[in-house]
Amino acid sequence: MSETQKKRGELIVLSGPSGVGKSTVIAELLSSRPDIHFSVSFTTRAPRVGEQDGVNYNFVSREEFERMIRDGELLEYAEYVGNYYGTSLKVIQEQLDRGVDVLLDIEVQGAAHVKEKCPEAVLIFLIPPSIEELSRRLRGRNTDDEEAIARRLVQAGEECRECPRYDYLVVNDTVVDAARQIQAILEAERCRTPKRLHLVEGFASAEP
Ligand code: 5GP
């Protein structure tokens, strides 16, 4: 098997507190790695202005989401700020089986479930350069009032406490650097010895 013939895709999980800039970093990453499949989650929350069904999320009712849980259709799910969010098992499996790398943008509970079910998944946590900078970015979005911002900052602190469970920590100082570091992580993961032993299969029997 040649180096370009991959066995299975990588499952990549990206988490980080609200306002850290995950979506922008993901967009930057996908612009240089369009071969990565971005997993569109299912959610019961209402679409925000500009969000499209099937693009940003698959927007479903609570009843439909609970049916998906009962029927085992989700790789993971979590309840976050009163709404369900979950990842389709079938879509992820199909892509990984085809050798396609899959990227999940999910919160910390979901990421922990993924690591339990798929220990080989690569977990990356994105942090802001400082809590002051996060606060500045949240205010800059102009989407929340002061009370909501304060709540998000407390939540950000709680989420960041989960970061030791992750394999990698990336600081989103500039979007380009953060995306470049994630690409470097994925490249290093691809070079892990267990994933490359097929490259030396014929070497042991080689004649001098
Ligand atoms: P938002 O409502 O701001 O789009 O997302 C809220 C949080 O839900 C974010 O931290 C996002 O990463 C997370 N999230 C989005 N999709 C999923 C999912 O499928 N599963 C889990 N566990 N979290 C998700």
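All ligand and atom numbering here is 1-based and tracks the order in the structure.
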Numbered atoms and elements of ligand 1 in range of A78, under 4.0 angstrom, heavy atoms: 22 (N)
Heavy-atom proximity to atom 13 (C) of ligand 1, best of E76, R45, E107: E107
Minimum-distance protein heavy atom relative to atom 12 (O) of ligand 1: D105 OD1, 2.6 Å
Taking atom 9 (C) of ligand 1 as the reference point, the nearest protein heavy atom with its distance: K22 NZ, 3.7 Å
pair Q95-D101: side-chain heavy atoms closer than 4.5 Å: no
Part of R48 within contact of ligand 1 (heavy atoms, under 4.0 Å): side chain
Closest to atom 16 (N) of ligand 1 among G16, P17, A46, S41 (heavy-atom distance): S41
Y85 and ligand 1 - part of the residue with a heavy-atom distance under 4.0 Å: both
Evaluation steps, side-chain hydrogen bond (donor to acceptor under 3.5 Å, both in side chains), between S15 and Y166: CA-CA 9 Å; S15 304; Y166 284 71; 2.7 Å; yes
Side chains of Y168 and E189, donor plus acceptor under 3.5 Å: yes
E79 bridged to R62 by N-O distance under 4.0 Å: yes
Atoms of ligand 1 close to I106 [distance to a heavy atom under 4.0 angstrom, numbered from 1]: 12 (O), 14 (N), 17 (C), 18 (C), 19 (O), 20 (N), 21 (C), 22 (N), 23 (N), 24 (C)
Shortest non-hydrogen contact from V114 toward I106: CG2-CD1, 3.8 Å
Over all atoms of both residues, closest heavy-atom pair of P119 and K115: O-NZ, 3.1 Å
Top protein contact for atom 4 (O) of ligand 1, by heavy-atom distance: Y57 OH, 2.5 Å
From the candidates Y77, Y84, F42, Y80, the one that places a heavy atom nearest atom 7 (C) of ligand 1: Y80
Atom indices of ligand 1 within 4.0 angstrom of G110 heavy atoms, with elements: 22 (N)
Basic-acidic side-chain contact under 4.0 Å: E146, R139: yes
Salt-bridge contact K90-E94 (side-chain N to carboxylate O under 4.0 Å): yes
